[in-house]
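Worksheet for the structure shown next.
When reading the values below, keep in mind they use all heavy atoms of this one structure, side chains included, and skip hydrogens, waters and symmetry mates. Heads up: numbering here begins at 1 and tracks the sequence.
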Amino acid sequence: METVEKNHQDVVSKLKLNTLTLLSFFIVLFALPVSTNATTIESLDSIDYTQADHTQVVEAEPVDEAIYENIDTDTTIYPQSDYTLIEAELPSDQVSINEDNLFTDEALLPFAQTDEVYNFVHFNAYKDTYRDIATYISYYIYYSADPEDHYLVAPMNLTADVVDLYNYSDLIAMQRLDINHKLRQIYYNEYSEDLVERYELKQMIPTSVYADAKASMLRAEELYSQVDPESADYDLATEVIEIAREEFSIFTNKYNNGHLEEPVLHYFISDQIEDEAVLEENIASIEEVVETLPSEIKRRLSNIYVLAEYEMPPSETPGFTLHGLAKDDGTVYFVGDKPIYKNLIYHEFGHTLDFASYALIDWDEESEDSWSTQDDWQAIYESEWADEESYYNSTIESFAEGFGVYSLKYFLDEEPDLSAYPDSSLEDRPETVAYFDQLFETLDY
C-alpha cells in the first residue's frame, strides 16, 4: 500500500503520540456489513439532525437490571479512555471523558493465533467481556504472513505511524465504525445464542459502552479539527464526521432512553411537507401507537423522522411506494404528506422488535439470526405469507406485518383497512395468530 505523504506534525504533537517503529506492514479496514434492512436513507438537507422538531415523553416500566447482575460490563483488554460520572440532568451528560487520554501509544495487542486472518470471528478470540465485544477493532497490522506477528488496533491505538499512513478521513472513519458498531448492537451472538436474552440485554446500553462511544466521538472531532480545509481529503473527512455525529446523536438518545425514568422520542420533520393537516394527523397516529407499545420497545427507540413522500427511498419491491421504514439503529421513518395507517406504524415497530433479537452469526457469509429468520417463522411464512405478488413475500416483511396487524387488534382493538392493505388480514392465518399469542406471552406484553 502506498504511503500518503502529508504533514502530521500538528496532530502528532497535539495528541502527544510517541513514535512506534514498525516494519513493513499492511492495514486492512473492515467495513461493517450492511443493515439488516438493506434500504437506506441518505442525509437530507430538509432535516436538521441537530435539533428535534418535536418530542414525545412516554411512560415505561423500569428496566429489570437483574439481567445485568452477572455480567461484567467494565473489564476490557483494550485500551479505553478514562471516564467518571458527574452530576447532570441527562444520563449521557453524566458521563465525563478524560480528554487527556483520548489516544495512546500503548503496545498493540497480539492477534488471535489462526490461519484465517481475514475472518472477523477470530477477532473474538480475545473478546471475553461485554465491553470487549462492543469494541470495534477497525484495523489490524501484520509484519509478516505469520499469524504470531499480527496485532490488533483498537480505536484508541492511534500511533504516529498509523497517522502517517492514512488520510484523516480514514482515521475519523475508524472512530465512526466503533460508534456504529455499538449503535447497531449486532454483536450479541458472541454473548448469547438465546433470542429472548439478546432482546432483554439490548434494551439498556451499559455506561461503560456509552463512555467508549463518547470517547470515539471526541477522538473523531479532534482529528477533524486538524484537517486542512484546502486539502483534497477535506470533503470526505467532512462527510464522515457528519455521519459520525448523527450516529452518535442517535446512540445518545438510545442510551438516555434506556436509563431515563420516562423515555423521550425525538421527532425530526422535513421542511418539504406542505400539507400541515395530514402531517398533524400522522404525528397524532404515531404518538397514539407509541403510547401503546411495550416498555421494552419504547426504550430501544431513538429518533422518528417524518419525510415528504418523494424523500422516502425507493422500495426494493417493484410497484410499491414506501410510507414507512425502520432501521436497526432504533430510528423509524414515516411519510408525512400522505395518510398513514396504524397497522403500518405497528408494522415498522415490528421491525424494531425483530432487530432487538438480531445478531450477525457469520461475518463472512453475513448469516443472520433473529425472530424472523428462525425455522418456526420460516415455516409460517411459507404456509401463510409466501406470495410473489405481495409486499410481504419475505420472512422479514411478513413478520413485521404479522406483528403490525396483531398489535393493532391487541393494543387498540382495531382491524386494518383492507382497502389499503388487502394482503394484511390475519383471518386466514391461524399460525401467525398462534405465533404472536405465544411471543407476546413469552415477552410478557
Would you say the side-chain atoms of [X] and [Y] include a donor-acceptor pair closer than 3.5 Å?
X	Y	value
Q80	T135	yes
T331	D329	yes
Y310	Q272	yes

Return the minimal non-hydrogen interatomic distance between [X] and [Y], and the atom names on each side.
X	Y	value
G324	M312	N-CE, 3.7 Å
D212	D178	O-OD2, 4.0 Å
H351	I396	CE1-CG2, 3.5 Å
K254	S302	CG-CB, 3.5 Å
P313	L322	O-CD1, 3.6 Å
T395	S372	CB-O, 3.1 Å

Side-chain donor/acceptor of [X] to backbone N/O of [Y], under 3.5 Å:
X	Y	value
E397	S394	no
R131	T73	no
D233	Y168	yes
N257	V264	yes
D132	I77	yes
K214	S92	yes
Y445	Y410	no
N343	G404	no
K182	A134	yes
D53	I269	yes

With heavy-atom distances below 4.5 Å as the criterion, would you say the side chains of [X] and [Y] are in contact?
X	Y	value
Y341	H323	no
L279	D337	no
Y255	T252	no
E291	Q56	yes
L293	L301	yes
T207	H259	yes
M217	I241	yes
E296	V63	no

For this session: Apply side chain to side chain donor-acceptor pair (under 3.5 Å) to the pair Y130 and T75, showing each step before the final yes or no.
Result: CA-CA 8 Å; Y130 190 107; T75 303; over 6 Å; no

About how many Å separate [atom2] of [Y] and [atom1] of [X], when rounded to the nearest 0.5 Å?
X	Y	atom1	atom2	result
D328	Q185	CG	CD	9.5 Å
I243	E246	CD1	CD	8.0 Å
H54	E287	NE2	CD	3.5 Å
L307	S270	CG	OG	6.0 Å
F355	K327	CZ	NZ	10.0 Å
N180	E247	CG	CD	4.5 Å

Problem set entry | Trace of the side-chain contact (heavy atoms from CB on, under 4.5 Å) decision for V227 with L223 | CA-CA 7 Å; V227 183; L223 290 162; over 6 Å; no

Exercise. For Y199 and L195, what are the C-alpha separation, side-chain angles and deciding distance, and is it a side-chain contact (heavy atoms from CB on, under 4.5 Å)?
Worked result: CA-CA 6 Å; Y199 165 82; L195 271 69; over 6 Å; no

For this session: Begin from the C-alpha positions of Y210 and F248 and carry the test ring-ring contact (aromatic ring centres under 6.0 Å, His included) through to its verdict.
Result: CA-CA 10 Å; Y210 178 74; F248 180 69; 5.7 Å; yes

For this session: Step through it carefully: locate the ring centre of F440, locate the ring centre of Y406, and say whether they are under 6.0 Å apart.
Result: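 Ring centroids of F440 and Y406 are less than 6.0 Å from each other.
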
For this session: Kindly state whether the ring of F436 and the ring of F399 have centres lying under 6.0 angstrom apart.
Result: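 Yes, they do, as the ring centres are separated by less than 6.0 Å.
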
Exercise. Regarding R184 and the six-membered ring of Y358, is the cationic atom NZ or CZ under 6.0 Å from the ring centre and inside 45° of its axis?
Worked result: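 So R184 doesn't make the cation-pi contact.
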
For this session: Dump the intermediate steps for side-chain contact (heavy atoms from CB on, under 4.5 Å) on N98 and T84, then the final yes or no.
Result: CA-CA 8 Å; N98 179 3; T84 56; over 6 Å; no

For this session: Check the surroundings of atom CD in E262: do more than 12 heavy atoms from other residues, nucleotides or ligands lie under 6.0 Å from it?
Result: yes

Exercise. Just wondering, are more than 12 heavy atoms of other shown residues or ligands nearer than 6.0 Å to CD in E281?
Worked result: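 Result for CD/E281: open.
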
For this session: Assess whether salt bridge (Lys or Arg N to Asp or Glu O under 4.0 Å) is satisfied between E61 and R299, documenting all intermediate values.
Result: CA-CA 9 Å; E61 295 295 324; R299 289 194 176 279; over 6 Å; no

Exercise. Does the pair E59/K298 count as a salt bridge with the N-to-O cut at 4.0 Å?
Worked result: no

For this session: Check the pair N282 / F334 against side-chain contact (heavy atoms from CB on, under 4.5 Å), numbers first and verdict last.
Result: CA-CA 9 Å; N282 285 0; F334 294 105; over 6 Å; no

